[in-house]
Novice: 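Handing you this structure, nothing more for now.
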Amino acid sequence: MLEKTYSPAQVEPRHYEKWEQSGAFAADTTSNRQPYTIMMPPPNVTGSLHMGHALTFTLQDVLIRYRRMSGRDALWQPGTDHAGIATQMVVERQLEAQKVTRHDLGRDKFVERVWDWKAESGGTITRQLRRLGASPDWAKERFTMDEGLSAAVRKVFVTLHRQGLIYRAKRLVNWDPKLHTAISDLEVEQREVKGHMWHLKYPVEGIDNTYIIVATTRPETMLGDSAVAVHPEDERFAHLVGKHVRLPICNRLIPIVADEYSDPTKGTGAVKITPAHDFNDFQVGSRHDLPLINVFDRDARTNDEVPEGYRGLDRYDARKKIVAAFEEMGLLEKIEPHTHMVPYGDRSGVVIEPWLTDQWFVDAATLAKPAIEAVETGKTRFVPKHWENTYYEWMRNIQPWCISRQIWWGHQVPAWYGPDGTFFVEETEAEAKAAARAHYGKDEPLVRDADVLDTWFSSALWPFSTLGWPEKTPELARYYPGDVLVTGFDIIFFWVARMMMMGIHFMGDVPFKDIYIHALVRDEKGQKMSKSKGNIIDPLDLIDKYGCDALRFTLSALAAQGRDVKLAEGRVEGYRNFATKLWNAARFCQMNQCHPVDGFDPKAVKETVNRWIVGKTAETAARVGTSIETYRYDAAAGGAYQFVWGTFCDWYLEFAKPIFNGADEAAKAETRATAAWVLDQILHILHPLMPFITEELWEQLASRGEALMLRPWPVLDGLADAGAEAEMDWVVRVISTVRAVRSEMNVPPSAQVDLLVAGLTSEKAAWAATHADLITRLARLSAFDRQAEASRIAQASSHGAAQMVVDEATLVMPLSGVIDVDKERARLDKEIARLDGEIAKVDKKLGNADFLARAPEEVVAEQRERRAEWATAMEKLREALERLSGA
RNA sequence: GGGCGGUUAGCUCAGCGGGAGAGCACUACGUUGACAUCGUAGGGGUCACUGGUUCAAUCCCAGUACCGCCCA
């Protein structure tokens, strides 16, 4: 016998271990089944499970469990990425506690330390994923720094370099002066900052007492100015174009140039140009062939390019000193408060400095072209579709991708430099040496490029590198391209776009057919969860409190397309209640000997209730399946919830009670078998959403040969039964009507009352006879007179009775002495008025010649039918009111 | 400034050309042997606003307002 309540904490680990150890998660490369592949977006190895992970992995697991049950050879490929900067920072922080820097250790020792850290702490998130019930093929787990994946990275780098799609160049990059590395545009966060606009006077050379005033938010960069720009059509400055200013402090002559970059409406209309420290100025500089004067070192301190007395200063100290000097010289026109956007490194939190360095770049624009086309032609499809706009927008304006990073943890650039700076890009050192020998005609010492590659470079290869590429493995042939990528919109640029580029370039085919973009998880007020706001909900806490299935079901139910997921704990509680409801329904079945019957054929059931529930079950299985296939998780969860609670528990099990307590042994046996069958189907249907409780019930309700998670998804054709549905719908309507009137007329639930029925059609009279027990019990009747004499109806009514109409039948509930006749009259009046209103609305439509002429026939017929039904009901209610007049 | 999304019951959200829906919350009643993590019943909405298309608009189109996100 099942326990009184379900205890997730005891059940979950047990099933998870069983599944994992039995190999239930594993794909079968040798099977004949059609593969279904999901590449898990590898979480950061330093990460721990947050609500965003819980959502994305729940959605992926729902898909993979459903497809596995549906007979596909399901591969959910798991793994983690090495998160270059983040991981290096974690280990550096540990070293810092021991007062050691990575430079003290040296590169090799440091990297060794990182691997040690990874071995010890890198498994946190994969352990937590197990608590979520995730069912990836753990045996295939990969790490972006694995030997195989690293080989793929080298191969891709060398190939792209040979194709001219990777090159080395001196360019401005986003330099992080704290981490001492370049970072990508995407890792730069633009923050609104309240700063100042300094107006500086630059003396025009050769004209006494004439100044040009430039406005800047970064006065310290004036040390690197190489021009002043004004708009070509700005008449205020036209006479100065071509002249020079003498740059204060530096005492350098720099030209005044005309360039449309200068906005006459902003600031003073003249703008200082610092090509080595500003991306826009860099463009202006290249248009006018201006020198690039780099005035900062890697710490963003002033270097030796600047005048003595200003060297070796932090950029903010330099700013103070320069502003003071301008003021002293009388060259500071004014200072205005100014709010503007300032770039910050998202990892280090310091202000990013555009800085001129040698870096490796990928020609992303070339790789983007076929990736754009793949979406345009529908080879890859975004769901919801509108996300393709975001993708196009970025891909069509894509910049060269800076892939080198000045850190130690990651894939070291496979390039070796000879003594004269010539470099050799090869997959191995031996090959580089050979290439160098060919170049120099003799062996020369080579030095490997110290930089490592952006983590996203290796992540971009994930859909094929994890399958063994560049080897031609059976996995690669079988599981590429993947069926769907499930991820959040925040990663479209970082990752999705790059996988598309690399997948198409190296595999000749897109990496996945669908890209399902889900929303962000927010708190119940719609705010982003963040540590600083203190509104973080830990998914593991919710699992502890309500069980994993409740959390999974909640996230699925809230995952409506195109909406953020606003998570309130109350929702989780509600779905925990749903789990309890299911548990108790199973318990009820068990108590009533509803055991699965071998060879049970749902098509062969005879009792109407059973034909009805069997049909509804089939409908639900199909609906939930279709919903999952179309990524309508909310509909899948809603459909299952509605059926289990609203149909199976609320009605079917209630209908079963009188049968179980009755004398018809055949009906009893059939109903027991049917209930057991339906419950089993429910367990199948709910399994992708709620794997643990369903597996537990599956195990406890009967002795089974296999785990539920490996059972086939129910395909139940030919079970729809319109007749049974019409019949049971009528029964439900009769019971609901009686209950509603009882409640409204304040008939206590404990009071059993008679019900007299008149005017049933012969079909419905038969239904009433069949279901007399059900109606009697569920409407709490003492007697159910299905063919009441007119005289008895009249007599009951005149003594005071509640009367109702269901279709063409009149139901009378004698309440002599109990009922408030005026109240009943009022109730009937109100009902009549309501019908009157409805009829008037329909009449208006039917009276419209255009409607009759232009609306489809079915619509017109439907309106007529509706009118007839309401008219009948109104007629019956009028008669009821009439009968009441004597009371 | 450019782009995208949203505005439907107190809250969170479905629906999306022909009778306004769900869950939660709320109110009343209720322990009838699965379940109070429950049952039964009920109240609650000019579907943001203004125009247009249509026989018919919450739904399609245009505009307005407000909210959110992304990019510059």
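Keep in mind that this is a model prediction, so the values were computed, not measured. Each chain gets a letter, A, B and so on, in the order its sequence line appears, and its residues count up from 1.
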Novice: Specify the separation, in whole Å, of atom CZ of A/Phe648 and atom P of B/A34.
Specialist: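 Going from CZ in A/Phe648 over to P in B/A34 covers 13 Å.
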
Novice: Any heavy-atom pair between the side chains of A/Gln593 and A/Phe660 that's under 4.5 Å?
Specialist: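 A/Phe660 vs A/Gln593: side chains apart.
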
Novice: In the structure shown, which nucleotide is the Watson-Crick or G-U wobble counterpart of B/G23, with both distances under 3.5 Å?
Specialist: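 Because both required distances fall under 3.5 Å, B/G23 counts as paired with B/C11.
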
Novice: Taking the side chain of A/His386 as its heavy atoms from C-beta onward, which of B/G5, B/A34, B/U12 lies nearest to it?
Specialist: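 Nearest to the side-chain atoms of A/His386, counting from C-beta on, is B/G5.
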
Novice: Tell me the interatomic distance from A/Glu654, atom CD, to B/A34, atom C1', rounded to whole angstroms.
Specialist: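 Rounded to whole Å, this separation is 9 Å.
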
Novice: So, A/Arg866 and A/Glu862, do they make that salt bridge, N to O below 4.0 Å?
Specialist: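 Looking at A/Arg866 and A/Glu862, the cut-off is met.
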
Novice: Sort out the partner of B/G43 for me: Watson-Crick or G-U wobble, both distances under 3.5 Å, none otherwise.
Specialist: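 Base partner found: none.
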
Novice: Does the structure show a Watson-Crick or G-U wobble partner for B/C69, both distances under 3.5 Å? Name it, or say none.
Specialist: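 Its partner is B/G3 (Watson-Crick or G-U wobble, both distances under 3.5 Å).
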
Novice: For the side chain of A/Asp850, counting heavy atoms from C-beta on, which of B/C55, B/C35, B/G19 is nearest?
Specialist: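 Side chain of A/Asp850 sits closest to B/C55.
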
Novice: Starting the side chain at C-beta, find the nucleotide from B/G15, B/U37, B/G23 nearest to A/Arg632.
Specialist: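 Shortest atom-to-atom distance from the side chain points to B/G15.
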
Novice: Considering only B/G23, B/G42, B/G39, which nucleotide approaches the side chain of A/Ala740 most closely?
Specialist: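 Closest nucleotide to the A/Ala740 side chain: B/G42.
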
Novice: Ignoring backbone atoms, establish whether A/Lys4 has a side-chain N or O less than 4.0 Å from OP1 or OP2 of B/U37.
Specialist: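 For A/Lys4, the contact criterion (side-chain N or O under 4.0 Å from OP1 or OP2 of B/U37) is not met.
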
Novice: Can you check the A/Met341 CE to B/C71 P distance for me, whole Å?
Specialist: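 Atom CE in A/Met341 sits about 9 Å away from atom P in B/C71.
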
Novice: Any chance you could measure A/Leu653, atom CG, to A/Ile613, atom CD1, to the nearest 0.5 Å?
Specialist: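 The CG atom of A/Leu653 sits 8.0 Å away from the CD1 atom of A/Ile613.
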
Novice: Nearest whole angstrom, please: distance from the C1' of B/U37 to the OH of A/Tyr575.
Specialist: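 Atom-to-atom, A/Tyr575 to B/U37, this comes out as 15 Å.
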
Novice: Is A/Arg576 side chain donor-acceptor paired with the B/U37 base, going by distance under 3.5 Å alone?
Specialist: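 Side chain to base: pair found, below 3.5 Å.
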
Novice: Identify which nucleotide among B/A34, B/C69, B/U40 has an atom closest to any side-chain atom of A/Asp650, counting heavy atoms from C-beta outward.
Specialist: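 So the nucleotide nearest the side chain must be B/U40.
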
Novice: Starting at CZ of A/Phe588 and ending at C1' of B/U32, how long is that distance when rounded to a whole Å?
Specialist: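 Those two atoms, CZ and C1', are 12 Å apart.
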
Novice: Could you identify the nucleotide paired to B/C38, looking across every strand shown and requiring Watson-Crick or G-U wobble geometry with both distances under 3.5 Å?
Specialist: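 Checking every strand shown, B/C38 finds its partner in B/G30, with both distances under 3.5 Å.
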
Novice: Pairing donors with acceptors under 3.5 angstrom, does anything connect the side chains of A/Tyr6 and A/Asn584?
Specialist: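 No donor-acceptor contact under 3.5 Å links the two side chains.
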
Novice: Measure from the side-chain heavy atoms of A/Arg571 and tell me the nearest of B/G19, B/G23, B/C35.
Specialist: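 Closest nucleotide to the A/Arg571 side chain: B/G23.
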
Novice: Going by modelled atom types, is there a donor-acceptor pair between the base of B/A56 and the side chain of A/Lys844 at under 3.5 Å?
Specialist: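 In this structure, the two groups form no donor-acceptor pair.
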
Novice: Out of B/C55, B/C35, B/A41, which nucleotide sits closest to the side chain of A/Phe851?
Specialist: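 The answer is B/C55.
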
Novice: Counting C-beta onward and ignoring hydrogens, is there a side-chain heavy-atom pair between A/Leu686 and A/Phe553 closer than 4.5 Å?
Specialist: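 They are in contact (side-chain heavy atoms under 4.5 Å apart), so the answer is yes.
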
Novice: Centre of A/Phe648's six-membered ring, under 6.0 Å away, within 45 degrees of the axis: is that where NZ or CZ of A/Lys616 sits?
Specialist: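 Verdict for A/Phe648: no cation-pi partner in A/Lys616.
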
Novice: From the options B/U37, B/G39, B/C29, select the nucleotide whose nearest atom is closest to the side chain of A/Asn577.
Specialist: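 From the listed options, B/U37 comes nearest.
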
Novice: What does B/C16 pair with, Watson-Crick or G-U, if both distances are under 3.5 Å?
Specialist: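 Check on B/C16: unpaired, no WC or wobble geometry under 3.5 Å.
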
Novice: Could you give the CG-to-C1' distance, from A/Asp278 to B/A72, as a whole number of Å?
Specialist: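 Rounded to whole Å, this separation is 14 Å.
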
Novice: Below 4.0 angstrom from OP1 or OP2 of B/C55, is there any side-chain N or O of A/Arg854?
Specialist: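 Result: yes.
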
Novice: Would you say the base of B/A72 and the side-chain of A/Glu393 have a donor-acceptor pair closer than 3.5 Å?
Specialist: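 No, the side chain and the base share no sub-3.5 Å donor-acceptor pair.
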
Novice: Taking the six-membered ring for Trp, is the centroid-to-centroid distance between A/Tyr575 and A/Tyr641 below 6.0 Å?
Specialist: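 Here the rings of A/Tyr641 and A/Tyr575 have centres that are less than 6.0 Å from each other.
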
Novice: Whole angstrom is fine here: how far is it from CZ in A/Phe655 over to P in B/U32?
Specialist: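 Checked: the CZ to P distance equals 21 Å.
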
Novice: Paired with B/A56: which nucleotide, if any, by Watson-Crick or G-U wobble criteria at under 3.5 Å for both distances?
Specialist: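 Across all strands, not a single nucleotide pairs with B/A56.
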
Novice: A/Lys845 has a side chain; which of B/G18, B/C29, B/G39 sits nearest to it?
Specialist: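 Between B/G18, B/C29, B/G39, the one nearest the side chain of A/Lys845 would be B/G18.
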
Novice: Starting at CG of A/Asn848 and ending at P of B/A57, how long is that distance when rounded to a whole Å?
Specialist: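 Interatomic distance, CG of A/Asn848 to P of B/A57: 11 Å.
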
Novice: Can you tell me the Watson-Crick or wobble partner of B/U64, both distances under 3.5 angstrom?
Specialist: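 With both distances under 3.5 Å, B/U64 matches B/A48.
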
Novice: Within less than 4.0 Å of OP1 or OP2 of B/A34, is there a side-chain N or O belonging to A/Lys657?
Specialist: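 Yes, such a contact exists.
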
Novice: Find which nucleotide of RNA chain B each of A/Gln190 and A/Trp645 is nearest to by heavy atoms, and output the residue with the more 5' nucleotide.
Specialist: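 Nearer the 5' end of the strand: A/Trp645.
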
Novice: Looking at B/U37, I'd like to know if its phosphate oxygens (OP1 or OP2) sit under 4.0 Å from a side-chain N or O belonging to A/Asn584.
Specialist: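 No, outside the criterion.
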
